[in-house]
Number of protein chains: 2
Amino acid sequence: MARTLEFDYDTTLDRATRLFWKSGYAGTSLRDLLKEMGIGESSFYNTLKSKKRAYLECLKHYNETVARKRSKVFLEAPTAALGVRALFKNMLESLDNPDTPSVICMMAGSLTHEVLDEAELREYIEGQISTLQDKMIARMNADKRDGLLAAGFEPQLVVPVVSTYMQGLWRMALVSYDRSRFEQQIEVFLTGLGL
Amino acid sequence: MARTLEFDYDTTLDRATRLFWKSGYAGTSLRDLLKEMGIGESSFYNTLKSKKRAYLECLKHYNETVARKRSKVFLEAPTAALGVRALFKNMLESLDNPDTPSVICMMAGSLTHEVLDEAELREYIEGQISTLQDKMIARMNADKRDGLLAAGFEPQLVVPVVSTYMQGLWRMALVSYDRSRFEQQIEVFLTGLGL
DNA sequence: TTCATTATGTATCGAGTGCTACAGATAGTC
DNA sequence: GACTATCTGTAGCACTCGATACATAATGAA
């Protein structure tokens with residue numbers, strides 16, 4: 001009934017995601033984006049509606065790929081404590097991997113001044129963070145019942161701390177990253193919390 | 001011998017600082033800046049040299065005022081442990097204070113993608129962070145000798161963790177801030193580290 | 001006063017911004 | 001082929017960006 005899309009949407013979105021991830025929202029111009037995606041303005045505004053919406057779409061795509069793997073890494077570990085450790089290990093591997101677009105997680109990188117003005121984006125990020133936190137809390141509570149975590153250990157209090165600390169690590173990596181130092185401080189952090 | 005400045009440099013820089021602090025580097029246009037400062041292009045480029053240099057100058061100004069008070073808050077506490085607690089309290093007060101330009105510390109807010117491309121800025125931030133960390137470590141070591149901190153407590157390992165966690169808190173506050181929740185997780189964090 | 005020096009206001013630069021209008025190309029339906 | 005519907009390339013929109021050119025105004029030393 002009508003003309004078909006000439007480009008593959010998923011591939012294109014993936015490329016856009018890598019660019020946004022690397023340079024952030026403000027640091028990525030529409031021209032850069034189009035060049036990377038290999039499409040023209042018309043195709044862009046036809047599928048995605050604006051730059052802002054495109055960013056949100058890319059962030060969702062990021063979550064369904066990279067971030068999804070992370071939560072899988074956590075959930076598939078034999079215990080919650082090991083799961084948290086696996087999360088940090090995954091983070092360090094990402095930092096060491098030269099193929100990673102940016103030194104910072106796209107979700108973490110999205111927590112900027114600009115976010116405050118974009119309600120939809122902020123709410124999405126907020127939701128994603130709390131969803132992951134809930135998964136971690138649930139898993140820890142299960143471990144607690146199984147006696148894998150101390151009776152005094154309180155997941156709903158500890159998890160936000162872990163989550164917040166990770167945000168900090170992503171940021172710190174921007175200014176100076178040294179694997180062994182990071183491993184060292186992560187160890188201090190985790191043992192302090194009883195993980 | 002020559003014409004004198006018609007505006008007060010310090011006042012003007014202070015205004016610029018508050019604007020940069022509030023909206024970030026990319027989020028602040030030169031026009032906004034000039035309007036807030038109450039000067040023209042000529043005066044701006046005569047004293048500060050470029051927008052980038054202006055931002056760095058403002059960040060330094062921020063450190064000499066706001067951040068300086070913070071480190072004072074830490075150093076003047078009776079013990080290092082109380083000093084760290086005072087730091088977090090100061091942070092919460094800043095978050096609660098409606099007169100604070102931004103919900104995020106300007107130093108923390110400067111840790112963005114853009115920073116990576118600006119060597120001078122990055123090095124400055126790096127230096128400031130490690131300077132504060134060194135002060136904290138020194139103070140803790142003194143407390144340790146005085147028996148105010150456990151013998152097993154290792155300042156050079158713990159301080160980076162505290163520093164990183166604070167960065168994370170500033171970021172988290174951007175998306176959702178609740179004082180009592182923050183107090184709660186800070187308490188969990190600190191007691192875990194033995195502070 | 002003369003003069004060099006610096007400060008300021010105005011106008012504008014060229015480049016880049018996100019975005020849109022519009023004509024033409026491509027598809028399925030009749 | 002005619003018709004409708006969607007896609008795409010090109011050109012350009014109105015605007016903002018950071019930065020600059022230049023004439024003019026103020027200052028103090030000679």
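Just one of B:Arg85, B:Arg70, B:Lys72 meets the side chain to side chain donor-acceptor pair (under 3.5 Å) condition when paired with B:Asn90; it is B:Arg70.
Taking atom CZ on A:Arg53 and atom P on C:dG18, their separation rounds to 17 Å, with Å as the unit. For the pair B:Lys35 NZ and D:dC17 P, the interatomic distance rounds to 12 Å; values are reported in whole Å. Residue B:Arg31 contributes atom CZ, which lies 16 Å from atom P of C:dT17 at whole-angstrom precision. Atom pair A:Tyr55:OH and C:dC19:P shows a separation of 15 Å (rounding to whole Å applied). Between the OH atom of A:Tyr45 and the P atom of D:dT10 there is a distance of 17 Å, given to the nearest Å. Across the protein-nucleic acid pair, B:Leu34 atom CG and D:dA19 atom C1' stand 11 Å apart, rounded to whole Å. In this structure, the NZ atom of A:Lys51 is 15 Å from the P atom of C:dG16, given to the nearest Å. With rounding to whole Å, B:Tyr9 atom OH is found 13 Å from C:dA7 atom P.
Counting heavy atoms from C-beta outward, A:Val158 and A:Leu195 have side chains that approach closer than 4.5 Å.
By the 4.0 Å N-to-carboxylate-O rule, B:Glu183 lies close enough to B:Arg179 to be salt-bridged with it.
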What string of B, S and - do you get for nucleotides 1-9 of chain D 5' to 3' if you count protein non-hydrogen atoms under 4.0 Å? ---BBBBBB
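Applying the ring pair (Phe, Tyr, Trp, His ring centres under 6.0 Å) rule to pairs touching residues 57-87 of chain B yields B:Trp21-B:Tyr62, sequence neighbours excluded.
Of the side-chain N and O atoms in B:Ser29, one or more sit less than 4.0 angstrom from OP1 or OP2 of D:dC17.
Under the 30°/60° scheme for interplanar angles, the aromatic rings of A:Phe189 and B:Phe189 are found to be tilted.
Side chains of B:Ser180 and B:Asp178: a donor-acceptor N/O pair is present below 3.5 angstrom, by distance only.
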